[in-house]
Amino acid sequence: MPSEPSPVPERPSVDGLEARWLAQWEHEAVYRFDTTATRETVYSIDTPPPTVSGSLHIGHVFSYTHTDLLARFWRMRGRDVFYPMGWDDNGLPTERRVENYFAVRCDPSLAYDPDFVAPEPAAGRGEKRAISRKNFVELCQLLTARDEEAFKELWTHLGISIDWSLEYATISPLAQAVSQRGFLEMVARGEVYSSVAPTLWDVDFRTAVSQAELEDRERPGATHRVAFALESGGTLEIETTRPELIPSCVAIVTHPSDERYRHLIGTNAITPLFAVAVPILAHELADPDKGTGAAMVCTFGDLTDVTWWRELGLPTRALIGRDGRFAPADFSSDEFPSREPAAARARYEELAGKTVNQVRATVVEALAATGALLGEPRAITHPVKFYEKGERPLEIVTSRQWFVATLAHRAELLARGDELDWHPDYMRHRYASWVEGLNVDWNISRQRFFGVPFPVWYPVHGDGAIDYDHPIFASLDALPVDPSSDVPPGFDESQRGQPLGFVGDPDVLDTWATSSLSPQIAGRWGSDLFDRVFPMDLRPQGHDIIRTWLFATIVRSHFEHHRLPWAHAVISGWILDPDRKKMSKSVGNVVTPMPLLEAHGADALRYWAACGRPGADTAIDEAQMKIGRRLAIKVLNVTKFVLGRLDGPTSLDEVTEPLDRDLLGALAELVDEATADFEAYDAARALERTEAFFWSFCDDYVELVKLRAYGDGDEPTTRSARAALAAAVSTLTRLLAPFIPFATEEAWRWWHEDSVHRAAWPNPSEFSHEPLDDVGSIAGPVGVVLEAIRRAKSTAKVSQRAAVARVVVTATPSVIGALVSAEGDLAAAGSVGSFDYLDGDELAVEVELATE
RNA sequence: GGGCGCUUAGCUCAGUUGGUUAGAGCAGCUGACUUACACUCAGCAGGCCGGGGGUUCGAGUCCCUCAGCGCCCACCA
């Protein structure tokens with residue numbers, strides 16, 4: 001749908017370009033993916049589906065612009081660019097946002113209320129109203145739909161060249177079906193398993209989390225030195241930061257080579273306060289240099305406890321419940337075999353039902369009172385494991401979870417990382433160190449509500465017990481299923497929860513277990529489209545999610561397709577605030593993009609983003625945005641000038657003047673370099689080169705040939721200048737099109753019917769039918785003389801139009817030849833009366849200004 | 001503890017495989033209303049390239065080492 005070229009305005013402006021061209025692009029379907037394209041011609045992008053949690057961030061502008069630069073480059077190179085958009089709307093961030101926004105909480109035991117009306121936004125205050133799971137999910141969908149509109153508005157306004165017909169959402173039925181199929185395929189191949197195991201647990205969200213979602217935070221704590229009585233007499237001292245776990249102590253470990261304790265190995269210690277006998281054992285992980293060298297093993301204080309518990313075959317005395325409070329325990333039972341059951345029971349009654357912090361205070365007090373606490377607790381700051389979105393330290397609780405067997409495939413996954421092209425390359429180390437450091441399989445179960453359900457049911461025995469060992473899986477053709485409302489094959493709804501009936505798996509999949517299938521979701525896995533776009537060319541993403549999204553996507557593709565999901569990964573850096581501090585909500589320095597976009601324009605923001613090197617942290621810099629805006633304005637003005645000189649089509653054969661041919665040669669080199677930069681995924685470098693060339697073109701070349709271009713349209717010298725100017729403007733506009741799509745489109749459409757964004761990327765062979773040698777041999781010396789003339793006038797504080805009586809140049813014969821060939825242009829640009837030349841090795845220029 | 005990155009002009013950054021006197025933009029200063037552009041143009045000034053050592057005819061660039069900043073990973077009692 002080409003349109004007639006639009007008229008060149010009297011005063012070109014970058015204001016208002018966005019509205020005009022966005023509408024036109026939409027109308028012309030400029031960014032539409034050709035769904036019949038074959039894999040060889042496709043360039044496919046695994047676009048990051050942003051977490052739709054409500055707030056736009058300037059970082060979004062940064063990284064999505066980087067991707068768009070590549071999309072536009074490859075599109076102009078003739079590839080069919082598959083550039084979809086996804087929304088990661090399922091998962092905890094959305095749930096939390098919905099809870100706060102509407103002041104509700106999900107209670108899965110409630111029945112669906114079909115007449116439920118979304119409450120007014122409540123700003124997170126007051127009592128949260130309990131609603132059913134289905135009503136809760138509906139609110140999640142309501143809110144994410146609104147948020148997605150805001151994101152879409154930003155992408156569109158920024159000129160991100162997404163094909164919106166390829167939009168997807170991770171909570172959509174399609175994504176759910178793909179996610180569930182991915183799970184079932186792994187089940188069939190034996191790559192997932194369910195087990196009851198100690199699991200990292202967030203006590204506020206009340207869900208298991210995976211190793212990938214952990215983060216360490218420095219927290220104040222205290223080490224307590226505690227004396228355990230020995231069965232053989234005497235005491236053994238340990239140090240602990242978690243004295244509240246003494247009632248769940250199951251052993252004490254020391255290093256096998258530690259002479260201080262070797263004689264105690266195999267004997268028992270007696271826990272203080274609770275008088276439970278625990279064995280003293282040896283294990284390599286016990287560090288003689290930490291604390292007293294003897295460590296208390298509890299079920300469970302940290303992941304090391306889990307290792308000791310597993311490897312030493314220790315009993316389980318789990319006390320911390322899913323709500324983070326101490327559960328009831330019977331200290332006269334086999335599980336808690338106290339030697340003083342009455343006293344232990346009495347002590348524990350004080351603790352049951354309390355939070356970790358409350359119990360700690362009570363236990364420390366009691367230890368001090370009984371003399372088991374040695375000295376004062378010593379305050380320390382130490383790293384504590386948190387769920388990355390959590391507010392209280394993680395606990396380890398035992399629960400049934402589904403796991404993906406990643407550990408068994410560590411070597412293959414490392415090899416996949418080696419195989420991938422990383423931009424910048426050093427980011428590969430992040431992946432490798434993460435994979436090398438994996439210590440538990442990937443837990444993909446979450447005890448939450450707004451997510452993709454496991455397509456799994458369990459039979460119920462006659463006695464009402466659930467048979468987890470014989471799960472019933474959905475069939476692939478039934479997907480997506482919701483086991484809480486759908487019924488497994490061979491059952492009917494009346495048997496739900498009944499003896500000899502079934503129950504649905506109540507959990508949802510980890511959000512990464514779905515988004516790790518983004519290539520399969522966007523590519524409509526199972527349709528013929530998938531083979532046209534997969535494996536994809538590009539995965540753009542932030543470095544903070546290498547261990548989650550990037551890793552998980554490789555895992556899934558490796559298992560499912562035995563190959564990498566993409567050839568290249570481009571990793572964006574952080575956005576820093578103008579003071580080079582990392583932005584965070586808690587600091588309150590998060591910058592939202594819309595005001596900047598309105599103040600400077602899309603091209604200006606894109607320019608700023610494009611200047612950021614791959615992987616490099618970049619500060620918000622409004623000065624840089626202004627430079628981008630200036631560049632956009634200059635493109636309009638120089639195009640206006642050149643088009644004003646043209647009286648019809650030009651031909652390269654008309655470029656006969658040496659200075660003009662020199663320009664074409666330089667253009668050819670520029671195109672070569674910019675193309676190579678883009679192919680190496682370094683758009684910033686391509687911009688830097690192109691921009692430098694463009695400004696020197698405007699300030700030097702255009703000034704030199706301006707008067708010649710104004711001349712008689714039948715003169716060969718005039719036609720030469722005009723043809724060279726046209727070729728240069730055409731080329732530079734296209735080279736700049738990925739960066740400043742609005743201004744380049746505006747200027748391009750003054751003399752073309754079709755979008756510059758569908759125009760062919762420049763090719764060096766466009767510039768001449770003959771070889772262009774010695775590039776710069778004319779422009780170089782000419783530039784030196786021009787600069788000398790300008791300097792003389794500036795120093796004399798006269799106008800650049802002031803007349804020059806005579807210029808004397810000393811140079812070698814070949815340089816003099818070059819200058820003579822461009823003497824007319826130099827004379828015109830510098831208002832020079834006459835030139836004289838002297839032979840000499842060093843280029844020297846003497847300028848004699850004309851006297852009034 | 002292991003690893004990665006950064007450190008170049010007041011600021012933000014280029015500097016590709018080692019090769020003349022280290023570049024750009026911004027900010028600063030001095031000028032110019034110049035028929036595409038005052039949202040412009042010209043010019044000037046500004047640098048022990050983090051410190052130290054080495055390799056080399058030659059080092060911002062390669063090697064070693066130290067320091068500061070940032071990040072990743074780690075079994076954190």
Side-chain angles (χ1 to χ4, degrees), chain A residues 8 10-15 216 218-219 221 223-224 238-242 245 252-253 283-287 290-298 301-308 380 382-385 424 426-439 543-544 546-547 573-574 576 578 580 582 608 611-613 615-619 621 623-624 626-627 629-645 673 676-677 680 682 684-685 688-689 691-692 695 698-699 702-703 706 710 786-787 789-802 829 831:
Chain A
V8 182
E10 196 53 44
R11 291 184 64 81
S13 164
V14 293
D15 294 321
D216 286 350
E218 287 292 331
R219 280 296 129 105
T223 56
H224 305 73
I238 59 109
E239 277 195 1
T240 180
T241 56
R242 303 204 59 183
L245 292 177
I252 286 172
V253 291
H283 194 279
E284 293 287 338
L285 286 181
D287 185 344
K290 280 184 186 146
T292 64
M296 164 175 92
V297 182
C298 305
D302 60 28
L303 289 172
T304 321
D305 281 343
V306 177
T307 306
W308 281 324
I380 56 163
H382 64 150
V384 178
K385 287 200 186 307
Y426 60 75
M427 286 294 177
R428 65 174 66 254
H429 300 295
R430 305 259 185 120
Y431 175 87
S433 61
W434 166 250
V435 177
E436 281 161 5
L438 287 173
N439 54 32
H543 56 49
D544 50 330
I546 288 173
R547 67 179 184 173
W574 292 118
L576 309 173
R580 299 200 66 74
K582 190 177 155 186
W608 159 74
C611 288
R613 246 80 189 161
D617 294 349
T618 302
D621 185 353
Q624 198 74 355
K626 288 175 184 159
I627 296 163
R629 185 180 167 89
R630 228 161 61 91
L631 175 66
I633 292 166
K634 195 74 169 178
V635 167
L636 298 182
N637 280 316
V638 78
T639 305
K640 174 173 186 261
F641 167 74
V642 170
L643 296 185
R645 304 285 68 76
E673 291 168 346
D677 291 336
D682 193 352
R685 189 116 177 80
E688 189 182 18
R689 288 183 203 276
E691 188 192 9
W695 284 104
C698 290
D699 295 340
V702 172
E703 291 303 321
K706 197 180 221 173
Y710 268 116
L786 183 62
E787 196 185 342
I789 294 169
R790 286 169 169 171
R791 187 182 302 114
K793 294 177 183 178
S794 267
T795 307
K797 301 191 175 180
V798 298
S799 161
Q800 288 297 322
R801 297 189 73 191
S831 310

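Convention: sequence-line order gives letters A, B, ...; per-chain numbering from 1. All values reported here derive from a predicted model rather than from experimental measurement.
- The nucleotide B:G46 finds no pairing partner, because no Watson-Crick or G-U wobble arrangement with both distances shorter than 3.5 Å includes it.
- Backbone-only engagement by A:Gly437 is indicated by non-hydrogen atom pairs under 4.0 Å involving sugar-phosphate atoms exclusively.
- Between the CD atom of A:Glu688 and the C1' atom of B:C26 there is a distance of 15 Å, given to the nearest Å.
- Only the P atoms considered, B:G54 is 15 Å distant from B:G60, to the nearest whole Å.
- When the side-chain nitrogen and oxygen atoms of A:Arg790 are compared with OP1 and OP2 of B:U30, none of them lie within a distance under 4.0 Å.
- Between A:Glu688 and A:Arg613 a salt bridge is recorded (basic side-chain N to carboxylate O distance below 4.0 Å).
- A heavy-atom distance below 4.5 Å is not found between the side chains of A:Arg242 and A:Cys298.
- Distances shorter than 4.0 Å separate some side-chain N or O of A:Asn439 from OP1 or OP2 on B:C75.
- Residue contacts for A:Lys706: at a heavy-atom cut-off of 4.0 Å it reaches a base atom on one of the strands shown.
- Base contact: A:Ser794 has a heavy atom under 4.0 Å from a base atom.
- Counting heavy atoms from C-beta outward, A:Thr223 and A:Lys290 have side chains that stay 4.5 Å or more apart.
- Within the nucleic acid shown, A:Thr307 has no heavy atom closer than 4.0 Å to any nucleic acid atom.
- For the pair A:Leu786/A:Glu703, no side-chain contact is recorded, criterion being any heavy-atom separation below 4.5 Å from C-beta on.
- Taking atom P on both nucleotides, B:C11 is separated from B:G28 by 15 Å, rounded to a whole Å.
- Looking at A:Val14 and A:Leu636, their side chains come closer than 4.5 Å, going by heavy atoms from C-beta outward.
- A:Glu787 comes within contact range of the sugar-phosphate backbone alone, with a heavy-atom separation under 4.0 Å but no base atom that close.
- Remark: the separation of the P atoms in B:G47 and B:U40 is 28 Å, to the nearest Å.
- A:Arg11 comes within 4.0 angstrom of the backbone, heavy atoms only, and of no base.
- Among the heavy atoms of the strands lying under 4.0 Å from A:Ala286 is at least one base atom, whether or not backbone atoms are also near.
- Looking only at distances, a side-chain donor or acceptor of A:Lys793 sits under 3.5 Å from a matching main-chain atom of A:Ala802.
- Atom P of B:C13 sits at a distance of 36 Å from the matching atom of B:U56, rounded to the whole Å.
- For A:Ser799 and B:A32, a side-chain-to-base donor-acceptor distance below 3.5 Å is absent, hydrogens and geometry of angles not being considered.
- At B:G3, none of the side-chain N or O atoms of A:Arg430 fall inside 4.0 Å of OP1 or OP2 (strictly under the cut-off).
- Residue A:Cys698 is in base contact, counting any heavy-atom pair closer than 4.0 Å across all strands shown.
- Using a 4.0 Å heavy-atom cutoff across all strands shown, A:Trp695 reaches sugar-phosphate atoms only and no base atom.
- Using C1' as the reference atom, B:A45 and B:G31 are 14 Å apart when rounded to the nearest Å.
- A:Val253 comes within contact range of no nucleotide atom at all, as no heavy-atom separation falls under 4.0 Å.
- Considering only side-chain N and O atoms, A:Arg630 lies under 4.0 angstrom from the phosphate OP1 or OP2 of B:C26.
- B:G70 atom C1' lies 12 Å from atom CE of A:Met427, rounded to whole Å.
- Using a 4.0 Å cut-off between charged nitrogen and carboxylate oxygen, A:Arg430 and A:Asp544 do not count as a salt-bridge pair.
- The closest side-chain heavy-atom distance from A:Val702 to A:Phe641 is below 4.5 Å.
- At the phosphate of B:C73, OP1 or OP2 sits under 4.0 Å from a side-chain N or O atom of A:Arg547.
- When the P atom is compared between B:A42 and B:C33, the two are found 15 Å apart, to the nearest whole Å.
- Mapped onto RNA chain B by nearest heavy atom, A:Thr240 and A:Asp15 fall at different nucleotides, with A:Asp15 at the one closer to the 5' end.
- Residue-level contact check: A:Asp287 touches the bases, meaning some heavy atom is under 4.0 Å from a base atom.
- Judged by Watson-Crick or G-U wobble contacts below 3.5 Å, the nucleotide B:C41 has B:G31 as its partner.
- The same atom, P, is picked in B:A9 and in B:A22; the two are 14 Å apart, to the nearest Å.
- Distance, A:Asp617 CG to B:C13 C1': 14 Å, rounded to whole Å.
- Put simply, CD on A:Glu218 is 14 Å from C1' on B:A74, counting in whole angstrom units.
- The C1' atoms of B:G50 and B:G68 are separated by 8 Å, rounded to the nearest whole Å.
- Summarising the base pairing, B:G10 is matched to B:C26 through a Watson-Crick or G-U wobble pair whose two defining distances lie under 3.5 Å.
- For A:Leu643 and B:U35, the CG to P distance is 20 Å, given to the nearest whole Å.
- A straight line from CD1 of A:Ile546 to P of B:G5 spans 13 Å, rounded to a whole angstrom.
- Between B:A77 and A:His382, a contact under 4.0 Å exists linking OP1 or OP2 to a side-chain N or O.
- At a threshold of 4.0 angstrom between heavy atoms, the contacts of A:Lys290 include nucleobase atoms, whether or not backbone atoms are also involved.
- Between A:Ile380 atom CD1 and B:A77 atom P the separation is 6 Å, expressed in whole Å.
- Between the CG atom of A:Leu303 and the C1' atom of B:C73 there is a distance of 15 Å, given to the nearest Å.
- In this structure, the side chain of A:Trp608 engages the main chain of A:Ala619 through a donor-acceptor pair within 3.5 Å.
- Residues A:Arg613 and A:His224 each lie close to RNA chain B; by heavy-atom proximity, the contact nearer the 5' end of the strand is made by A:Arg613.
- Phosphate proximity of B:U30 to A:Lys793: absent, as no side-chain N or O sits under 4.0 Å from OP1 or OP2.
- Figure legend. B:C69 is base-paired to B:G5; pairs are counted as Watson-Crick or G-U wobble with both atom distances under 3.5 Å.
- Among the atoms of the strands shown, base atoms are found under 4.0 Å from some heavy atom of A:Asp216.
- The side chain of A:Ala623 has B:C26 as its nearest neighbour among B:A77, B:C26, B:G15.
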